[in-house]
Enquirer: 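If you scroll down you'll find the structure; I have some questions about it.
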Amino acid sequence: MRFSQIFGHTLKEAPSDAQAVSHQFLIRGGYIHQVAAGLFSYLPLARRVMNKIENILHDEMADIGGQEITMPVVLPAEMWKESGRWYQIGSELTRLKDRKDRDMVLAMTHEEALCDLARKYIRSYKEMPRLVYHIQTKWRDDPRPRAGLIRVREFKMKDSYSLDTDWEGLDKQYRAHYQSYFNIFNRCGLDVLAVKSDTGMMGGKIAHEFMYLTPIGEDTIIYCDDCGYNSNRQVADFKKPRAVKEDLLETEKIETPDCKTIDDLADFLDIPESKTAKAVFMVATIQEDKETEVEKFILAIVRGDMDLNETKLANAVKAKELRPAQEEEIKAIGAVPGYGSPIGVKGAFIVIDDLAAESTNLVAGANEAGYHLLNVNCGRDFTPDLIVDIAAAQSGHDCINCGSELQSEKAVEVGNIFKLGTRYSEAMNCMYQDENGKLNPIIMGSYGIGVGRLLSCVVEQHHDDYGIIWPISIAPFQVHIILLHDKKGTEASETAEKLYADCKTAGIDALIDDRKESPGVKFNDADLVGIPIRLTVGRRALDQGGVELKVRGRAESEIVPIDIIMRRLKEIIEELKAELAEKLEIVEYKE
RNA sequence: CGGAAUGUUGCCUAGUGGCUAAGGCGCCUGCUUUGGGAGCAGGAAAUCGGAGGUUCGAGUCCUCUCAUUCCGACCA
């Protein structure tokens, strides 16, 4: 392609709305255009990168037996009602009516569509296992799009779905994806970590998320350097300290003015935070059956030095939604915000963390402004409805496996794999006949990768102060030919054009900067756009009998004689490909 | 949905209630220039996000509203 013909152009300055590095470079480089919050147009350069990523996806899917299909973006609501998600998901799911007044949804993912397809086509155990996938647009009316392509409302996703007759089959396909995903990310030059995750709205049994570690990420990973344990913080386990057991003392009410936080309280009484009980008031929405849901007031207690893990709590009480309680709601059960405890409250479901339950003589709120109670003991002074782990792991805690100190890091989720099991097939009556003629639900798995998110994470990982440094595998072009016009003759432009034509013949993706711009403009744009190999054709190099070859991101450059340039180009391309290939490896599957 | 910030030309910014809203980048025309964002000359491009209000007078003050961004809630 000719730079002079590209639709779109580079910008010297990024719009002030763009904060994330990838967002800035993608806009400045003329890759993407923001249409509204979380909505982007992909210009030709980005589209080329997407195509290359998608080719890798097709390739790796084919490798594990995936068959490409396409399912619609607009789906009848009926199947979402069958699965229950029509009722479970809030305004993130966009509902609309067609002209006949029929309820429809914009698909945010395609489990229902696939299940509907499977129940109509799969009849016998002989038709399984199967793996189908598509690369399709998804819509989620996310309340908070951010950071360019990292979190958007409309996005393309590679979604695959496995169909099996037994759990061993699911496990096999699951593990195949686990490896396949590492291959995909490695081929794109993105370093990821697979971590155990919550199953969230997808439901199902086991799930892993593929995480790119970066401070701009929204998820927190808890990991152990010593034994390799890692997990999304939402479900991270840790070895809790041993509860301090003392003889139970008499409860005593004391005055604690202006001690609304654990911090204040511990300071005021000059005791460690671990000697206090933290009460957190939440309201859980619980789905009783398909049509009815009830709100339940939850009083959660963790030891004062711990944080509540809302995902653990939500799972423990089987809540569909969990939100902080409002002041009036807290007062209504007889508690006082800032001085709350389970003692004397009515109508709350009390959940206490196992560590807090075992700890003795804690300081807890008196449910009276300005007062706390000393020596509060679970079981004696109040009776919990549930004792379960609801504390959040954090860096500094002990690893559940080896006891070493845990670390934490921010990350972006670029892919995930779920063992759905029969979550959807049972709800939607997606059955097959086994050898004995008996009907059984199909066992499913679902596996997703966000294409745009992957693209932007690659930019986050591969850039410098001047622009993007694309891995050769997904760069919009492999070679960027810069023509520096030479007024004295036509040698430069003839050489550049010949190189461009030779690249085309050799099957090398080349971009030629044939614009009437000054050298500075061209070099800066080349750095910004980030094509891995740059060939500069100008007087200086021609006088030395060649053209200048420079690899983006490397400091040195070389003058390559014109008669061997194509050979050298192919060598460098192979070298860059080999660098990426080095990262491909068989990974060990970790539960 | 809570908290905060910002909306001035395609982009970045200036603009104390007072003259015809200013500059840089980019864009168009011409000349010149070609190894790291060149120079000269000329030009186009803004109903100052929108609505209402205060005022002799509003880009500037007030109210409402919309949009975008950031923090939180949320997030396969």
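A quick note: this is a predicted structure, and the numbers were derived from the prediction, not measured. Chain naming here is simple, since letters A, B, ... match the order of the sequence lines and numbering starts at 1 in each.
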Enquirer: If you pin A/A541 and A/L11 to their nearest nucleotides in RNA chain B, which one's is more 5'?
Expert: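 Nearest nucleotide further toward 5': that of A/L11.
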
Enquirer: If the C1' atom of B/G3 is compared with that of B/C74, how far apart are they to the nearest Å?
Expert: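 15 Å, rounded to whole Å.
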
Enquirer: Which whole-number value in Å describes the distance from A/R151 CZ to B/A73 P?
Expert: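 My rounded result for the distance is 10 Å.
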
Enquirer: Whether the side chain of A/R144 and the base of B/G3 hold a donor-acceptor pair under 3.5 Å is what I'd like checked.
Expert: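 Result: no qualifying N/O pair found.
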
Enquirer: Could you tell me whether the side chain of A/D159 reaches within less than 4.5 Å of the side chain of A/Q136, counting heavy atoms only?
Expert: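 No - every pair of side-chain heavy atoms lies 4.5 Å or more apart.
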
Enquirer: A/K410 NZ to B/C75 P: how many Å, rounded?
Expert: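 It works out to 15 Å between those atoms.
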
Enquirer: Please work out if A/F155 contacts a base, only the sugar-phosphate, or nothing of the nucleic acid, heavy-atom cut-off 4.0 Å.
Expert: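 Result for A/F155 = base.
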
Enquirer: I'd like to check the ring pair (Phe, Tyr, Trp, His ring centres under 6.0 Å) partners of A/H462; sequence neighbours left out, ordered by chain and number.
Expert: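 Ring pair (Phe, Tyr, Trp, His ring centres under 6.0 Å) list for A/H462, sorted by chain: empty.
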
Enquirer: Which is true for A/Q234 with a 4.0 Å heavy-atom rule: it touches a base, it touches only sugar-phosphate, or it touches nothing?
Expert: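 A/Q234: no heavy atom of the nucleic acid under 4.0 Å.
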
Enquirer: Taking only residues two or more places apart in sequence or in another chain, which ones pass ring pair (Phe, Tyr, Trp, His ring centres under 6.0 Å) with A/Y212?
Expert: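 Residues passing ring pair (Phe, Tyr, Trp, His ring centres under 6.0 Å) with A/Y212: none at all.
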
Enquirer: If we check side chain to side chain contact (heavy atoms under 4.5 Å, CB included) with A/Y161, which of these qualifies: A/Q173, A/M71, A/R130?
Expert: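 With A/Y161 as partner, A/Q173, A/M71, A/R130 yield a single side chain to side chain contact (heavy atoms under 4.5 Å, CB included), made by A/M71.
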
Enquirer: Work out how far the C1' atom of B/G37 is from that of B/C27, and round it to whole angstrom.
Expert: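 These two C1' atoms come out 16 Å apart once rounded.
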
Enquirer: For nucleotides B/U16 and B/C62, find the distance between their P atoms and express it as a whole number of Å.
Expert: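 My reading of the P atoms in B/U16 and B/C62 gives 14 Å.
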
Enquirer: My understanding is that only residues two or more places apart in sequence, or in another chain, count here; which of them pass side chain to side chain contact (heavy atoms under 4.5 Å, CB included) with A/S41?
Expert: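 With sequence neighbours excluded, A/S41 shows a side chain to side chain contact (heavy atoms under 4.5 Å, CB included) to A/H33, A/V35, given in chain and number order.
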
Enquirer: Taking the C1' atom in each of B/C56 and B/C61, what is the distance between them to the nearest angstrom?
Expert: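 One C1' to the other, the span is 16 Å.
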
Enquirer: Given the C1' atoms of B/G18 and B/U34, what is the spacing between them in whole Å?
Expert: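 These two C1' atoms come out 49 Å apart once rounded.
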
Enquirer: What string of B, S and - do you get for nucleotides 4-9 of chain B, 5' to 3', when a contact is any protein heavy atom under 4.0 Å?
Expert: ------

Enquirer: Which part of the nucleic acid, if any, lies within contact of A/D486, taking any heavy atom under 4.0 Å across all strands shown: a base, the sugar-phosphate backbone alone, or nothing?
Expert: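 Nothing: the residue A/D486, judged by heavy atoms under 4.0 Å, touches no strand.
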
Enquirer: Between A/F40 and A/F155, is any pair of side-chain heavy atoms under 4.5 Å apart?
Expert: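 A side-chain contact under 4.5 Å is absent here.
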
Enquirer: Across the strands shown, which category fits A/D159 at heavy-atom distances under 4.0 angstrom: base, sugar-phosphate, nothing?
Expert: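 Contact class for A/D159: none.
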
Enquirer: Could you please name the option among B/C75, B/C11, B/U69 that lies closest to any side-chain atom of A/P15?
Expert: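 My answer, after comparing the listed nucleotides, is B/C11.
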
Enquirer: May I ask you to verify whether the side chain of A/R534 and the base of B/G36 hold a donor-acceptor pair under 3.5 Å?
Expert: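 Answer is yes: a donor-acceptor pair is held.
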
Enquirer: Rounded to whole Å, how long is the line connecting atom NE2 of A/H33 with atom P of B/U68?
Expert: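 In whole Å, B/U68 P and A/H33 NE2 are 12 Å from each other.
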
Enquirer: As a test of your reading of the structure, name each stem of RNA chain B as range with range, where a stem is three or more consecutive Watson-Crick or G-U pairs at under 3.5 Å.
Expert: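 Stem segments, range with range: B:1-7 with B:66-72, B:10-13 with B:22-25, B:27-31 with B:39-43, B:49-53 with B:61-65.
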
Enquirer: Ignoring backbone atoms, establish whether A/S518 has a side-chain N or O less than 4.0 Å from OP1 or OP2 of B/U33.
Expert: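 No.
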
Enquirer: Between B/A73, B/C27, B/C12, spot the one nearest the side chain of A/S16, thanks.
Expert: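 Closest nucleotide among those given: B/C12.
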
Enquirer: Would you mind reporting whether A/V459 and A/L149 have side-chain heavy atoms less than 4.5 Å apart?
Expert: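 Answer no - side chains too far apart.
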
Enquirer: Quick one: the side chain of A/R146 and the base of B/C75, do they pair up donor-acceptor inside 3.5 Å?
Expert: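 By the distance-only test, no, there is no pair.
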
Enquirer: Nearest to the side chain of A/D142 - B/G36, B/G37, B/C75?
Expert: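 Comparing B/G36, B/G37, B/C75 against the side chain of A/D142, the answer is B/C75.
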
Enquirer: Between B/U60 and B/U33, how far is it from one C1' atom to the other, in whole Å?
Expert: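 Those two atoms are separated by 44 Å.
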
Enquirer: The side chain of A/K12 lies closest to which of these nucleotides: B/C75, B/G26, B/G36?
Expert: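 In terms of side-chain proximity for A/K12, the closest of B/C75, B/G26, B/G36 is B/G26.
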
Enquirer: For A/F523, what residues pass the ring pair (Phe, Tyr, Trp, His ring centres under 6.0 Å) criterion, not counting sequence neighbours?
Expert: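 Partners of A/F523 by the ring pair (Phe, Tyr, Trp, His ring centres under 6.0 Å) criterion come out as none, since no residue qualifies.
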
Enquirer: Using residues 489-496 of chain A as the side-chain source, report each donor-acceptor pair under 3.5 Å to any protein atom, sequence neighbours left out, with the distance given to one decimal.
Expert:
from   : atom 1 : to     : atom 2 : distance (Å)
A/T490 : OG1    : A/E494 : OE2    : 3.0
A/E491 : OE1    : A/R539 : NH2    : 3.1
A/S493 : OG     : A/T490 : O      : 3.2
A/T495 : OG1    : A/E491 : O      : 2.6

Enquirer: For the side chain of A/D17, counting heavy atoms from C-beta on, which of B/U68, B/A38, B/C71 is nearest?
Expert: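 Out of B/U68, B/A38, B/C71, the nucleotide with an atom closest to A/D17's side chain is B/U68.
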
Enquirer: How long is the line joining CD of A/E218 and C1' of B/C71, in whole Å?
Expert: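 Between C1' of B/C71 and CD of A/E218: 11 Å.
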
Enquirer: Students often get this wrong, so: under 4.0 angstrom with heavy atoms, is A/A147 touching a base, only sugar-phosphate, or nothing?
Expert: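 Since only primed, P, OP1 and OP2 atoms lie under 4.0 Å of A/A147, the category is sugar-phosphate.
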
Enquirer: If you look at every strand shown and take non-hydrogen atoms under 4.0 Å, does A/A18 touch a base, only sugar-phosphate, or nothing?
Expert: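 Counting heavy atoms under 4.0 Å across all strands, no contact is made by A/A18.
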
Enquirer: Taking NZ from A/K516 and P from B/G30, how many angstroms apart are they, rounded to a whole number?
Expert: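 The answer, rounded to whole Å, is 9 Å.
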
Enquirer: Let me know which of A/L190, A/V412, A/V192 forms a side chain to side chain contact (heavy atoms under 4.5 Å, CB included) with A/L454.
Expert: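 With A/L454 as partner, A/L190, A/V412, A/V192 yield a single side chain to side chain contact (heavy atoms under 4.5 Å, CB included), made by A/L190.
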
Enquirer: Looking only at atom P, what distance separates B/U54 and B/C71, rounded to whole Å?
Expert: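 Going atom to atom, P in each nucleotide, I get 40 Å.
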
Enquirer: Rounded to whole angstrom, note down the P distance from B/A46 over to B/A22.
Expert: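 Approximately 12 Å lies between the P atom of B/A46 and that of B/A22.
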
Enquirer: Residues two or more places apart in sequence or in another chain: which of them pass side-chain hydrogen bond (donor to acceptor under 3.5 Å, both in side chains) with A/H58?
Expert: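 Expected list: A/Y133.
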
Enquirer: Taking only residues two or more places apart in sequence, or in another chain, which ones meet A/P15 in a side chain to side chain contact (heavy atoms under 4.5 Å, CB included)?
Expert: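 For A/P15 the side chain to side chain contact (heavy atoms under 4.5 Å, CB included) partners, ignoring immediate neighbours, are A/L11, A/I27.
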
Enquirer: Would you mind classifying the nucleic acid contact of A/R153 as base, sugar-phosphate or nothing, using non-hydrogen atoms under 4.0 angstrom?
Expert: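 A/R153: no heavy atom of the nucleic acid under 4.0 Å.
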
Enquirer: Return the 5'-most residue of the pair A/P143, A/Y466 with respect to RNA chain B, ranking by each residue's nearest nucleotide.
Expert: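 By nearest-heavy-atom nucleotide position, the 5'-most residue is A/Y466.
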
Enquirer: Whole-Å distance between B/G72 P and A/L308 CG?
Expert: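 So the CG-P distance, A/L308 to B/G72, works out to 17 Å.
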
Enquirer: Could you check how far CZ of A/R539 sits from C1' of B/G36, rounded to whole Å?
Expert: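 Roughly 19 Å, once rounded to whole Å.
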
Enquirer: Scan A/Q19 against the nucleic acid and name what it touches under 4.0 Å (heavy atoms): base, sugar-phosphate only, or nothing.
Expert: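 Here A/Q19 touches the backbone only, sparing every base.
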
Enquirer: Do the side chains of A/L163 and A/M444 get nearer than 4.5 Å, heavy atoms only?
Expert: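 When only atoms from C-beta onward are counted, A/L163 and A/M444 do touch, with a gap below 4.5 Å.
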
Enquirer: CG of A/N309 versus P of B/C74: gap in Å, rounded?
Expert: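 So the two atoms are 11 Å apart, to the nearest Å.
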
Enquirer: Once you apply a heavy-atom cut-off of 4.0 Å, does A/Q34 come out as touching a base, just sugar-phosphate, or nothing?
Expert: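 Sugar-phosphate, no base atom in range.
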
